[in-house]
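All values reported here derive from a predicted model rather than from experimental measurement. Keep in mind that the numbers below use all heavy atoms, side chains included, and drop hydrogens, waters and symmetry copies. Read the numbers this way: they start at 1 and go in the same order the structure lists the ligands and their atoms.
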Amino acid sequence: MSVIGIDFGNESCYIAVAKAGGIETIANDYSLRGTPSCVAFSQKNRILGVAAKNQMVTNMKNTVFGFKRLLGRKFSDPLVQKELKHFPFKVEQRSDGGIGIRVNYLNEDNVFTPEQITAMLLTKLKDVAATALQTQINDCVISVPSYFTNAERNALLNAAGIAGLNVLRLMNETTATALTYGIYKQDLPGAEEKPRNVVFVDFGHSSLQVSACAFNKGKLRILATATDAQCGGRDIDMALADYFTQDFVTRYKLDARKNQRAYLRLLQEVEKLKKQMSANSTRLPLNIECFMEERDVSGDMQRSQMEQICAETFNRVERTLRAILHNAKLRSEDIHSVEIVGGSTRIPAVKSLIEQAFGKHASTTLNQDEAVARGCALQCAMLSPAVRVREFSITDVQPYAVRLAWDAARNEDGDMEVFPAFHAAPFSKMLTFYRKEPFSVSAYYSDQVPYPDTFIGQWQIKDVQPTPEGESQKVKLKVRVNIHGIITVASASLVEKKQDTSQNENIEMENSSENAQNQDTPMETNGGNQDQQQQNGPENNQEESDDKKDKSKDKSKKVLVKTVELPIEAQTHGLSVHELNGYVEQEGKMQAQDRQEKERADARNALEEYVYELRGKLSEGETLHDFVAEDQRNKLVNHLDSVEQWLYDEGEDQNRQVYSDKLSELKTEGEPIKQRRLEFELRPGALDEFALSI
Ligand code: ATP
Ligand code: MG
């Protein structure tokens, strides 16, 4: 079984695989490494990836793109409303407030969620990998922007679930890049030495992500991130498209804003022009034939002009670059190097902004398009028993401050910050509550989060009862940023202290450290990144250090502690099991439909090919011409002609069986002729004889 990494980009996706010999990226059915994040629908099937992008202009209303930005959002979200203006396809509000994408598929109106559309693309990627590796694919690591919230992360996990992928980790894109950089570096400082700080800049199609990372031998620790989710290559495309739209209105009286197809073509053309401008500072032409009203248009632009038109985007880039220094508390002299990835870092203006901000050359050690996928494949290999790779410790960050609120009982403060921004992740914190009855806690992102809704989740802690003496019970909650960067209340347990010394499986030893330690601030343990534990008492500072890790303390007062797991009812983002199962089933049907359509098309092609091949070989001077009597040959050629005619007529759209029956019928006539030719060839000296006979 193979382990793969997927870079799910807004414009294109890359897949990498970890093998014994190293990491490889996988090419798709068009021999391209990048698969466009595009899903289209037709009367007969779904069209995924390259094929979908190729037919975008002619099937505009049913070609879906840009859905990475829609994951986990509500229709009413201002960002979604802004996006809608750019989509040629229909997007509507679902009854639950979510997003519905309406397309014509199998001659019917169908509404799909962004999770479903993403799942369709993921099934394509899974297929590409399975074909290239000749094995089944289940385990994978998928990249996400570091700024993704719980809602978006859950939505992507749901999409992977619909596609039948088992996600070992959702990995932040710049962290994947950092891993790709670090794993093969031989010259990293030793564990005790001052770390090497590297800044990674990923400027893609829809967003800009920067992270600062500290490397030592065998480990990396993300210090902070700075991101702009509204600043990417497409903003440049749109600014250029607006410029040319205006230009064409002035010079041709043609308004592309009134014609979606023209605007879409313009966007595609300016993207090409933008790429050319990265390599060339002279004036470059832009020509579009039959743009609108059957008229051709042309214009031109040079790099300096583009830089002026897109000044707003470049200002945003500069702001984000400066923010990383602030967020990571680094001065530019503390930075060893700046590594750039993502298509839009090829723009010279972006490189010089990087050089100005950090006083360093923008380094391209990494493959700009594949670094994220490679890092994900490496991480997948580390998490999977299937492949062995070098160990490398990864400590990521949780980008937003997270607050926990609870029903305030006994005058306690009902709200606290559990994770400050840029807190290490994954990470667990233990919080202690004293309660006599069931209670609930809710988690929220702080206001800085760039989303209208800061809600993360609410958890009901059940089965809490007073002690036999009528006192409060001690309840410990484990609040966790998990391996996907998702915040959850992972467990709740009731802690009963007993003086009893008898052995019991449910009893664990605890050092009574309540008196020994009483801290105001949360205490962090150092070391490994997995499941670090931290304890913190939201109530009266009744804090305890970790049960197991505090063995050095006062050993004289041993008490036995019985912990009982409490049931938790969670209400958070993501699909219910029931909804997920429904989507899995629907996806299965669509796959079956696609397969059936493919078999049908293949059967039609096979028949068509046979007609052409046989007729060609029967013609004068060709290989089969002399191996059948003339009248029979004429009859057969007539038959072939009529089948060809039929194929373009009523035979255009038949089911598979009809084509394969026709093929067998032709074969009963054609194959004996081929056989005679073959037997003839196999006779000694046959070809000489044949040569003499003609
Ligand atoms: P995201 O990371 O935002 O989800 P993505 O990973 O799909 O998106 P990339 O593949 O990194 O994005 O980059 C695609 C963007 O880079 C597109 O906007 C593309 O036009 C732009 N791009 C690619 N090559 C060049 C170039 N030579 N000059 C300028 N821009 C380029
Ligand atoms: Mg990207």
Side-chain angles (χ1 to χ4, degrees), residues 5-16 25 32-38 49-50 53 65-71 83 86 114 118 121 125 142-148 152 156 170-178 180 200-211 225 227-241 266-281 284 301 303 306-307 309-310 313-314 316-317 320 339-354 362 364 366-376:
I6 296 176
D7 171 8
F8 169 41
N10 192 74
E11 187 178 65
S12 42
C13 300
Y14 289 83
I15 316 162
T25 41
L32 298 169
R33 293 182 195 279
T35 298
S37 303
C38 240
V50 181
K53 180 147 192 191
F65 60 91
F67 44 90
K68 181 177 174 182
R69 295 164 86 102
L70 302 181
L71 280 173
E83 290 295 306
H86 308 298
T118 305
L121 180 67
L125 301 176
I142 307 180
S143 71
V144 282
S146 57
Y147 56 78
F148 258 25
E152 292 165 299
L156 185 52
L170 288 183
M171 189 172 203
N172 290 333
E173 288 166 6
T174 43
T175 308
T177 304
T180 304
F200 295 93
V201 179
D202 183 344
F203 193 23
H205 190 57
S206 69
S207 68
L208 170 63
Q209 301 178 61
V210 188
S211 74
T225 55
T227 56
D228 188 339
Q230 306 301 320
C231 175
R234 66 169 212 151
D235 296 289
I236 296 173
D237 300 347
M238 286 192 294
L240 298 185
L266 178 59
L267 264 184
Q268 294 184 344
E269 291 306 317
V270 294
E271 186 179 17
K272 284 186 209 151
L273 179 69
K274 172 184 74 173
K275 290 180 184 172
Q276 288 163 1
M277 279 191 288
S278 293
N280 205 320
S281 62
L284 296 166
M301 188 177 281
R303 192 194 282 166
M306 179 277 281
E307 289 169 359
I309 293 167
C310 303
T313 299
F314 296 128
R316 294 180 77 132
V317 172
T320 310
E339 292 291 339
I340 59 170
V341 297
S344 301
T345 54
R346 293 194 177 96
I347 299 171
V350 173
K351 282 189 202 155
S352 40
L353 284 173
I354 291 169
T364 50
L366 301 164
N367 181 316
Q368 275 173 279
D369 298 316
E370 299 171 8
V372 173
R374 287 168 174 271
C376 289

Between [X] and [Y], does any side-chain donor sit less than 3.5 Å from a side-chain acceptor?
X: Q230; Y: R69; value: yes
X: Q209; Y: T174; value: no
X: Y147; Y: S207; value: yes
X: Q368; Y: T345; value: yes

Interfacing atoms of ligand 1 (cut-off 4.0 Å, heavy-atom, [X]):
X: S207; value: 3 (O)
X: G233; value: 18 (O)
X: E11; value: 5 (P), 7 (O), 8 (O), 14 (C), 15 (C), 17 (C), 19 (C)
X: G342; value: 11 (O)

Where is the nearest protein heavy atom to [atom]: which residue, which atom, and how far?
atom: atom 2 (O) of ligand 1; value: G204 CA, 3.9 Å
atom: atom 6 (O) of ligand 1; value: G9 CA, 3.7 Å
atom: atom 30 (N) of ligand 1; value: K274 CE, 3.6 Å
atom: atom 10 (O) of ligand 1; value: S12 OG, 3.8 Å
atom: atom 15 (C) of ligand 1; value: S344 OG, 3.7 Å
atom: atom 27 (N) of ligand 1; value: R346 CD, 3.5 Å
atom: atom 28 (N) of ligand 1; value: S278 OG, 2.6 Å

Inset, instruction - Give a yes/no verdict on whether any heavy atom in I347 is under 4.0 Å from an atom of ligand 1. - result: yes
Legend entry - Min heavy-atom dist G232 to ligand 1 below 4.0 Å: no
Inset, instruction - Taking all non-hydrogen atoms of both residues into account, name the closest pair between N172 and P145 and its distance. - result: OD1-O, 3.9 Å
If you measure from [atom1] on [X] to [atom2] on [Y], what distance do you get to the nearest 0.5 Å?
X: D202; Y: T227; atom1: CG; atom2: OG1; value: 11.5 Å
X: I142; Y: C13; atom1: CD1; atom2: SG; value: 9.5 Å
X: M301; Y: L240; atom1: CE; atom2: CG; value: 5.0 Å
X: R33; Y: D7; atom1: CZ; atom2: CG; value: 14.0 Å

Could you tell me whether [X] and [Y] have a side-chain N and a carboxylate O separated by less than 4.0 Å?
X: D369; Y: R374; value: no
X: K275; Y: E269; value: no
X: K68; Y: E173; value: yes

Can you confirm, on distance only, whether ligand 1 has an N/O atom lying under 3.5 Å from any N/O atom belonging to [X]?
X: G343; result: yes
X: H205; result: yes
X: D7; result: no

Using a 4.0 Å heavy-atom cut-off, which part of [X] comes near ligand 1: side chain, backbone, both, or neither?
X: K68; result: side chain
X: E271; result: side chain
X: S206; result: both

Inset, instruction - Return the option from Q276, E370, K275 holding the heavy atom at the smallest distance from atom 26 (C) of ligand 1. - result: K275
